[in-house]
Every structure is written in C-alpha cells, then in structure tokens.
Protein chains: 2
Amino acid sequence: MAYRKTERVEARLADNRQRILDAARALVSEGGWAEAQVSHVASAAGVATGSVYRYFPSKADLFVEVLSVVSQREVDVLEAIADNDDLPFQTLHAAVSAFVERAMRNRRLAYALIAEPCEKEIDEARLVYRHAISKQIMRIVKEGQEHGDFRTDLDPNIAATVVVGGFMESLIGPLSPFNADFDGSGKQDAEAVHALAGQIADVCCAAVAQYNNVTSFKSNQRRQQ
Amino acid sequence: MAYRKTERVEARLADNRQRILDAARALVSEGGWAEAQVSHVASAAGVATGSVYRYFPSKADLFVEVLSVVSQREVDVLEAIADNDDLPFQTLHAAVSAFVERAMRNRRLAYALIAEPCEKEIDEARLVYRHAISKQIMRIVKEGQEHGDFRTDLDPNIAATVVVGGFMESLIGPLSPFNADFDGSGKQDAEAVHALAGQIADVCCAAVAQYNNVTSFKSNQRRQQ
DNA sequence: CAATGAAATGAATTATGGTTCACTCACTGA
DNA sequence: TCAGTGAGTGAACCATAATTCATTTCATTG
C-alpha cells in the first residue's frame with residue numbers, strides 16, 4: 001500500500017511550515033531585509049537551510065507569503081472600516097488613522113514592508129497590496145461622492161491613489177529606523193503617534209472633502225447628522 | 001621636473017568622465033537599473049571596465065551622481081515655480097502639474113529614479129531629493145497659509161509630505177513600464193498626460209485649499225485677484 | 001629619445017547569498 | 001520486523017556582478 005501521512009506527521013509538517021513563516025517574519029521585524037536570509041530563517045526556525053526549500057520553492061516565495069499575511073490583515077481592517085455606516089468623512093479619517101497607528105505599532109516591520117529597498121519579486125507583491133488598500137480607500141471616496149460629502153469633480157481612482165501615496169509617504173519618516181523620534185514606546189509616545197495619525201488623516205480627508213474651511217465643514221457636519 | 005597634465009589631457013579626462021556619466025544615464029533611461037552595470041556603462045562610454053573606477057570610486061557613487069544631476073534639475077524647476085508671485089493655489093497646481101508632465105516625458109528614467117527597486121545607497125540618495133522636493137512644496141503651502149488661501153489647521157510639513165507622496169504614488173502606475181496606457185507619444189498622448197497631470201494636481205491642491213467646493217473656490221479666486 | 005609618471009585595460013578575483021543534492025534517518029504499512 | 005517512502009540535512013555549488021591589479025599604452029620632461 002502506498003505511503004500515507006498520518007495526522008501526526010501532517011501536523012508536524014504544518015507546524016514546521018508555520019515556524020518557518022514565523023521565523024521569517026520575526027527576522028524582518030527585527031532587522032529588515034538584511035536579516036532576511038534563508039540560512040538565518042532556517043536556524044531561527046530550528047531546521048536546516050535545505051528544509052526551507054521543502055516548504056517554499058524559493059526565498060522570494062517565502063517572503064512574499066510573509067508580506068501577504070501581514071498586508072492582508074491590514075486590507076481586512078480597512079475593509080471593515082470602509083464597511084461601517086459612519087459619515088464618509090469620519091470613515092476616511094478612521095481608516096487613515098488606523099493604518100498609521102497600526103504601522104507605528106510595529107515600526108521595523110512596517111518600514112520593511114512599506115519602504116525598505118528589497119528584491120524585485122517582493123516589491124511587486126507590495127504593489128498588489130497597495131492596490132488592495134487603494135481599492136478600499138476608493139470605496140470610501142466613492143461613497144462620499146455619492147453621499148454629497150466629498151467633491152465630485154475629482155477622479156475617485158486618482159484621489160484614492162493620492163491619498164494612499166500621501167499617508168504612506170508621511171509614514172516613511174516616522175517609521176524609518178534612523179528616525180529616533182518615536183522610540184520610547186511610553187505613554188508620551190502613544191500620544192505622539194495618535195497625534196501624528198490624526199494630522200495625516202486630516203490632510204487626507206481635506207483632499208477629498210467638499211468643504212474644507214472649518215466653519216463650512218462644521219455646518220456641513222451638523223447638516224449631515 | 002614633475003609631471004604636469006596639459007590642458008589637452010585635462011580636457012580629455014573631463015570628457016571621459018562626462019561620457020561615463022552620460023552613458024550611465026542613457027542606460028538607466030533605456031533599461032532601468034537592470035541595465036545599469038558597470039561593464040555596460042564602460043562599453044557604452046567606450047572605455048574599459050576598470051577605467052570607470054578611475055573616475056568614480058564605486059558603482060553606487062556613479063549612479064548617485066546620475067540621480068543627483070537629474071533630480072536637482074527637477075528641484076530647480078520646482079523652486080522656480082515656487083518663487084513666482086502667482087496665487088498659492090495656482091502655484092501649487094503648476095508645480096505638481098509640471099512635475100508630473102516632466103516625469104512623463106522620460107517615463108523609463110523617471111520610473112527608475114522614483115520607483116524602481118534599486119540598491120540601498122541609491123535609494124538613500126532618492127530620499128535626499130524627496131526631501132528637497134518636499135521643501136519646495138512646503139514653501140508653497142506655508143505661503144498659502146499666510147496668504148489665507150490654504151487651511152491653517154494643517155501642519156505644513158505633513159501636508160507637504162502627503163502632497164509629495166500623493167503625486168509620486170499616482171505617477172507610479174502611469175510611469176510603470178508594464179503600463180501600456182501612455183505609449184503612443186502622439187498628440188493624443190500629450191493630451192492624456194496633460195489631463196492626468198491636471199487631475200493629480202487638483203487632488204493635491206484640494207488637500208490644502210481653504211475652499212474646496214467649486215462655488216466658494218471660484219468666488220475665493222475672484223476675491224484674491 | 002630615453003626615462004618617468006600617469007592612464008587604460010580587461011581578465012581574474014572576490015563577495016554575497018540563494019539553491020541544490022547525495023546522503024541519512026524517521027516514519028508507514030504489511 | 002523490515003522494505004519503501006519521503007522528510008531533513010548542510011556543505012558544496014552556482015550565478016551574478018562589483019572590484020582589483022599586473023600589465024600595457026600613452027604623455028611629459030630633460
């Protein structure tokens with residue numbers, strides 16, 4: 001009879017795969033792409049270098065999966081925010097703030113996944129998730145345009161792209177490992193991050209909102225509620 | 001008596017250096033960073049591989065200089081635009097449009113310099129010029145805030161960063177060598193590029209403008225002039 | 001036109017790090 | 001128990017490209 005994996009083995013295999021993925025993510029989280037070497041991943045996961053290739057066809061595939069898992073969670077968070085029934089302005093603000101705050105919670109990883117130079121194949125995978133993020137932002141923008149809160153003279157696709165590029169770019173400085181502004185991780189730090197997220201979100205919202213001057217916006221808010 | 005370079009030799013050396021720089025830029029313009037190999041540069045410039053190292057200490061130094069020359073010109077263009085005395089809204093619009101249109105004129109090069117994955121050292125040089133660009137945009141933003149055309153509740157640094165990230169990001173798609181939308185380079189193409197630049201600039205301006213709804217903005221414009 | 005200093009050459013060297021593979025070992029099923 | 005299967009190993013291999021350097025060629029000076 002043919003060889004068949006028992007459940008026990010199946011579980012061990014799955015566990016190995018997961019350990020390799022976890023080790024890979026941990027390494028990127030600590031040292032960025034420079035640390036992300038197959039041999040390092042292997043020892044961190046407690047397996048031999050060659051074993052990594054039993055689970056992943058190549059280094060790029062491994063790290064693309066790491067990036068996918070982490071990025072997909074962010075897309076899901078944005079989707080959930082986009083799904084709620086708040087006013088589009090508040091929704092967009094919440095989406096951008098959430099993204100920024102979540103990124104700042106694991107700066108090194110976020111920096112690697114968003115901005116750090118890396119191999120082509122991984123970089124291409126980034127684009128996929130940028131698109132996915134942009135799509136969620138665009139949903140909010142379109143909703144806002146239909147709702148009357150957002151300007152209708154802007155192309156929603158371009159507006160969403162600018163917004164995504166905008167908050168990504170403004171994250172790069174704060175995320176950068178060379179920037180010491182947000183290292184304490186104390187309470188002060190959390191507040192500083194919150195303030196930063198708010199300011200970035202303000203600019204993003206301003207880009208699409210119908211009424212930008214404070215008085216008009218406030219009356220607009222009241223009118224809508 | 002000690003050896004002394006004649007003018008003739010001096011000129012030839014300077015010419016060699018320039019030819020190497022030009023060849024390097026041409027190669028990046030054609031094939032991006034993949035073509036940007038020292039040996040390729042050497043043959044394109046009509047010298048031997050080793051000779052490149054008489055003029056530049058390393059590959060990275062060579063290409064950083066290529067990037068610097070090209071990028072500095074863009075910074076200068078923005079500076080000139082920021083210097084003029086138009087209304088801040090028009091100035092910002094012109095700056096963003098100009099950047100987008102100029103980038104689209106040499107797509108492959110712009111793509112390489114802005115977005116294509118490349119070595120760390122070159123990538124770091126990119127940051128320097130992003131900062132320089134952001135600085136010019138910030139000047140316009142601040143002027144607009146003082147002038148009363150732009151919202152004063154936004155942090156000018158963050159606003160400028162978001163704007164720069166926004167138009168850079170929205171360029172990536174159109175610049176990408178895999179995107180066939182803007183290949184013809186005919187008259188239609190020029191118009192499409194112009195339209196794109198206008199739309200991107202609209203979004204960027206909206207992000208900082210005091211009055212976004214069309215009627216208020218128009219009256220605002222009239223009032224200011 | 002020697003003699004000397006500098007530039008040019010490009011094949012060989014080096015560095016990096018992903019990938020392979022011949023082998024060992026543990027697990028499976030009869 | 002034991003033949004068969006496939007997972008695990010890690011040192012060797014390979015690919016890529018930057019960099020070096022012994023040698024040659026060219027320019028300058030007395």
Side-chain angles (χ1 to χ4, degrees), chain A residues 1-21 23-24 27-28 31-66 112 116-123 125, chain B residues 1-21 23-24 27-28 31-66 116-123:
Chain A
M1 205 211 235
Y3 178 95
R4 244 186 83 68
K5 288 173 201 163
T6 58
E7 245 175 58
R8 188 161 196 78
V9 170
E10 202 96 55
R12 194 195 58 205
L13 294 187
D15 180 64
N16 279 352
R17 190 172 198 284
Q18 193 56 49
R19 278 218 321 289
I20 291 169
L21 273 173
L27 281 173
V28 175
W33 298 115
E35 289 303 308
Q37 293 172 26
V38 177
S39 59
H40 291 192
V41 171
S43 32
V47 300
T49 309
S51 303
V52 172
Y53 287 86
R54 297 212 143 261
Y55 295 91
F56 301 91
S58 74
K59 177 192 173 172
D61 284 81
L62 165 58
F63 282 99
V64 165
E65 186 162 336
V66 168
E116 196 180 9
C118 64
E119 8 203 308
K120 248 188 266 313
E121 281 163 298
I122 297 173
D123 201 65
Chain B
M1 204 210 234
Y3 178 95
R4 248 189 80 69
K5 287 174 202 164
T6 58
E7 245 175 60
R8 188 162 195 76
V9 171
E10 203 95 53
R12 195 197 59 203
L13 294 187
D15 180 64
N16 278 354
R17 188 173 199 284
Q18 194 56 50
R19 279 219 320 289
I20 291 169
L21 272 174
L27 280 173
V28 175
W33 298 114
E35 290 303 309
Q37 292 171 27
V38 177
S39 61
H40 291 194
V41 172
S43 34
V47 299
T49 310
S51 303
V52 173
Y53 287 86
R54 296 212 140 260
Y55 297 91
F56 300 91
S58 74
K59 176 192 174 174
D61 284 81
L62 165 58
F63 283 100
V64 164
E65 187 162 335
V66 168
E116 196 180 9
C118 64
E119 8 203 308
K120 244 187 270 312
E121 281 163 298
I122 297 172
D123 200 66

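Letters A, B, ... are given to chains in the order of the sequence lines, protein chains preceding strands, and every chain is numbered from 1.
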Could you give the [atom1]-to-[atom2] distance, from [X] to [N], as a whole number of Å?
X: A/Ile20; N: D/dA7; atom1: CD1; atom2: P; answer: 13 Å
X: A/Glu35; N: C/dT16; atom1: CD; atom2: C1'; answer: 14 Å
X: A/Gln37; N: C/dT19; atom1: CD; atom2: P; answer: 12 Å
X: A/Tyr53; N: C/dG17; atom1: OH; atom2: P; answer: 13 Å
X: A/Lys59; N: D/dA15; atom1: NZ; atom2: C1'; answer: 15 Å
X: A/Glu119; N: C/dT19; atom1: CD; atom2: C1'; answer: 13 Å
X: B/Ile122; N: D/dA17; atom1: CD1; atom2: C1'; answer: 13 Å
X: B/Leu62; N: D/dA17; atom1: CG; atom2: P; answer: 16 Å

Going through the distances and angles, do B/Leu62 and B/Lys59 end up as a side-chain contact (heavy atoms from CB on, under 4.5 Å)? CA-CA 5 Å; B/Leu62 165 58; B/Lys59 176 192 174 174; 5.7 Å; no
Quick one: does B/Glu116's side chain have a donor or acceptor within less than 3.5 Å of a partner on B/Trp33's backbone?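 Side chain of B/Glu116 to backbone of B/Trp33: a pair is present.
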First locate atom CD of A/Glu121, then atom CG of A/Asp61, and finally report the distance between them rounded to the nearest 0.5 Å.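 Result: 7.0 Å between the selected atoms.
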Have a look at A/Ser39 and say if it touches a base, only the backbone sugar-phosphate, or nothing, with a 4.0 Å heavy-atom cut-off. nothing
Kindly indicate whether the side chain of B/Tyr55, heavy atoms from C-beta on, has any atom under 4.5 Å from the side chain of B/Leu21. no
Side-chain heavy atoms of B/Arg54 within contact of B/Asn16, under 4.5 Å: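 No, every pair of side-chain atoms sits at 4.5 Å or beyond.
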Sequence-distant partners of B/Arg12, side chain to side chain donor-acceptor pair (under 3.5 Å), two or more places apart: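 Counting only residues at least two positions away or on another chain, B/Arg12 forms no side chain to side chain donor-acceptor pair (under 3.5 Å).
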All N/O pairs under 3.5 Å across the protein-nucleotides 8-11 of chain D interface:
residue, atom, partner, partner atom, Å
D/dG8, OP1, A/Asn16, ND2, 2.7
D/dG8, OP1, A/Tyr55, OH, 3.3
D/dG8, OP2, A/Tyr55, OH, 3.0
D/dG8, N7, A/Arg54, NE, 3.1
D/dT9, OP2, A/Ala48, N, 2.8
D/dT9, OP2, A/Ser51, OG, 2.6
D/dG10, N7, A/Gly50, N, 3.1

